[in-house]
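This report refers to the structure that appears directly beneath it.
Values in this document were obtained by computation on a predicted structure and should not be read as measured data. Any value given below was found using the heavy atoms of this structure, including those in side chains, with hydrogens, waters and symmetry copies removed. One-based numbering along the sequence shown.
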Amino acid sequence: MKRKFTAALLAGTMVMGLMATGLSVSAEENRTFKILSMWAEDDNDSGSILKDVTEAYKQENPDFDYEIEVVSSDNLKQKIATLAASNDLPDVFAYDAGTPLIELIDAGLVVDVSEKLEALGVADQIDSGAAGFLTNLSLTEDLYALPLGQNIEGFWYNKALFEQAGIEAAPTTWDEMLEDAQKLLDAGIQPFAVGGADLWPATRILNAYVMRKGGVDFMDLAYAGEKKYTDEPLVEAAAMLQDMVDKGYFGVGATTVDMNTAANMVMNGEAAMIYNGSWYVSSLNSDANAAGEDGIGFFNIPEVEGGVGTITEYSMNCGTILALSSGKYDEITDGWLEYFVTHVGNYAMNEQGSFRGYTISEMPETVGTYTQLVSDELDKVTGSSAWFEAAMDSELSQIAQENVQTLMNGDMTPEEYAQSLQDIYDAAH
């Protein structure tokens, strides 16, 4: 399958000959190694990992100077576009896998990570599953990004609230899940929390339904022009999401709640279910989880009647990735890269109980309930889908996310939502 891509994000100037060379600069003594992040440095998640592993490297290499700049996820793409246009990308930066990264690869702006890791003798530090997932997203044989997660996605639920509503087992079909949602609502319990204010949590629910109805490759095929966004799976998904909002399954003001608040609602017993990724384990393993070490359960996306997706197919991702500037790469980057890939897997597992897409050589003697849960689910995977916008270019992704709130608020029909995506796609192709 061959995709066509627009270069809107690159704003023309990003493909200048100088920038496309990929030549590394000579190492400057005591230069500052710059990292652009979208996570707070103390967030007990990716931000902590990036800061703590880099700081540990500095402790062993006192002459290494670095600074981390944090931007919001909403501003990340524009920030990268601006820096790329001025040939000033930071040494390492957070970015989105899939189409956004492909645009940087095509412009020669990011490093072939596989090549560098092979030269350093540490290529085996990247988990093969994570590497395969990322190369599939970038349509390349080599790896052009570092993973920051090895995640499955699905529904997490508060066991005590299920018991309170008389629900004895997690659902395996979408219809069963909706029946459970009504039982919860009848018991005075909000069935779902959703971080609609952050947009992507809502499109994740669309994707969940689409991959069960139309298959794990439906969104890829739509972007390749072999399916249409106006086909039944996506229109049904949009109708399902809107109906769930209308029935009150997401509570009041679903589009005004951010994802952190939504995740806390389930741990605190304020809502019964949430669609989330296994990065959630970092919070579940922390003191913030009022439900305790076995109070939250997980079930994979339920099957949809008449759909082609199966219960052993998972929505998966490798987190927001880290890319390395080809224009800044030098011996200093070499040193940081070798240290990071050889230490981050052990750090994440031992400090957070999370899988980050790296080899783990120092497993803790015991792992927490939630970490073991994720490990068990990973063993069940027979197929996977990426997230809703993974195959979309920047403009299409923006419309998909902006309009999902309009859909949820009832100001756009499911058919209009699907058509809005198809219109943007047709205009670009």
Side-chain angles (χ1 to χ4, degrees), residues 22-27 31 33-37 45-66 68 89-95 97 101 104-105 108-138 140-151 316-364 375 378:
L23 295 176
S24 63
V25 298
S26 59
R31 77 171 180 86
F33 187 80
K34 295 185 178 181
I35 300 172
L36 182 65
S37 170
D45 202 339
S46 297
S48 295
I49 287 175
L50 191 55
K51 172 63 185 297
D52 292 351
V53 175
T54 301
E55 180 60 27
Y57 177 64
K58 178 175 175 57
Q59 296 304 311
E60 295 187 17
N61 299 272
D63 292 336
F64 174 77
D65 292 321
Y66 73 96
I68 297 177
L89 283 172
D91 297 273
V92 178
F93 55 95
Y95 208 53
L101 181 64
L104 298 186
I105 295 171
L109 298 175
V110 290
V111 166
D112 181 335
V113 173
S114 292
E115 180 181 278
K116 300 300 183 183
L117 295 179
E118 287 287 351
L120 292 168
V122 293
D124 60 349
Q125 295 300 305
I126 307 292
D127 179 87
S128 59
F133 186 83
L134 288 176
T135 54
N136 285 340
L137 285 176
S138 62
T140 57
E141 292 184 1
D142 286 345
L143 190 64
Y144 281 82
L146 295 173
L148 270 180
Q150 190 173 10
N151 301 302
M316 300 184 70
N317 70 72
C318 285
T320 299
I321 53 85
L322 292 176
L324 286 72
S325 167
S326 57
K328 296 283 179 65
Y329 198 97
D330 59 10
E331 292 92 336
I332 292 174
T333 317
D334 258 348
W336 176 90
L337 176 61
E338 181 176 6
Y339 187 90
F340 187 82
V341 300
T342 53
H343 289 78
V344 65
N346 290 332
Y347 174 91
M349 176 54 63
N350 284 275
E351 296 298 323
Q352 299 180 354
S354 62
F355 298 91
R356 296 288 170 165
Y358 296 85
T359 300
I360 301 170
S361 60
E362 300 173 2
M363 285 292 291
S375 180
L378 285 168

I would like to know whether Tyr329 and Asp334 meet side chain to side chain donor-acceptor pair (under 3.5 Å); could you show each step before the answer?
CA-CA 8 Å; Tyr329 198 97; Asp334 258 348; 2.5 Å; yes
Take Gln352 and Ile49 through the side-chain contact (heavy atoms from CB on, under 4.5 Å) test and state the conclusion after the steps.
CA-CA 9 Å; Gln352 299 180 354; Ile49 287 175; 3.5 Å; yes
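With hydrogens and angles ignored, the 3.5 Å screen pairs a side-chain donor or acceptor of Asp330 with a backbone N or O of Ile332. In this structure, Thr135 contributes its side chain and Leu143 its backbone to no donor-acceptor pair below 3.5 Å.
Looking at Glu362 and Asn350, their side chains never bring a donor and an acceptor atom within 3.5 Å of each other. Side-chain contact annotation: Tyr66 with Asp91, donor-acceptor N/O pair under 3.5 Å absent.
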Distance-only donor-acceptor pairs under 3.5 Å for side chains of residues 117-126, two or more places apart:
none

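Remark: Asp63 does not engage Arg31 in a salt bridge, criterion side-chain N to carboxylate O under 4.0 Å. A salt bridge is absent between Arg356 and Asp127; no separation between the charged side-chain nitrogens and carboxylate oxygens falls under 4.0 Å.
Shown here are the side chain to side chain donor-acceptor pair (under 3.5 Å) partners of Tyr347, two or more places apart in sequence or in another chain: Asp52. The side-chain contact (heavy atoms from CB on, under 4.5 Å) check on Ser325 picks up Leu89, Lys328, with sequence neighbours excluded.
Ring pair Phe64/Trp336: centre-to-centre distance not below 6.0 Å.
In this structure, Asn317 and Gln150 have side chains that are not in contact, with every pair of non-hydrogen atoms separated by 4.5 Å or more. Side-chain contact check for Glu351 versus Asn346: every heavy-atom pair is 4.5 Å or farther apart. Taking the side chain as every heavy atom from C-beta outward, Met349 and Pro364 approach each other to under 4.5 Å. At a threshold of 4.5 Å between non-hydrogen side-chain atoms, the residues Leu322 and Leu148 count as touching.
Shown are Leu134, Val344, Val92, Leu337; of these, the side chain to side chain contact (heavy atoms under 4.5 Å, CB included) with Leu146 is made only by Leu337.
Atoms OH and OG1, from Tyr57 and Thr342 in turn, are 10.0 Å apart once rounded to the nearest 0.5 Å. The distance from the CD1 atom of Ile68 to the CD1 atom of Ile35 is 4.5 Å, given to the nearest 0.5 Å. A distance of 9.5 Å separates OG of Ser138 from CD1 of Ile321, quoted to the nearest 0.5 Å. To the nearest 0.5 Å, the span separating CG on Leu324 from OH on Tyr144 amounts to 12.5 Å. Atom OG of Ser326 is separated from atom CG of Asp112 by 11.0 Å, given to the nearest 0.5 angstrom. With rounding to the nearest 0.5 angstrom, the CZ atom of Phe93 is 5.5 Å from the CG atom of Leu104.
When all heavy atoms are compared, the tightest approach of Val113 to Ala145 is CG2-N, 3.7 Å. Contact record, Gly357 with Pro147: O-CG, 3.7 Å, taken as the closest heavy-atom pair. Of all the heavy atoms in Gly345 and Ile360, the pair that sits closest is O-CG1, 3.9 Å.
The 12-atom threshold is exceeded at CD of Glu60, counting heavy atoms of other residues, nucleotides or ligands nearer than 6.0 Å.
Aromatic ring orientation, Phe340 versus Tyr358: perpendicular (interplanar angle above 60°, classes split at 30° and 60°).
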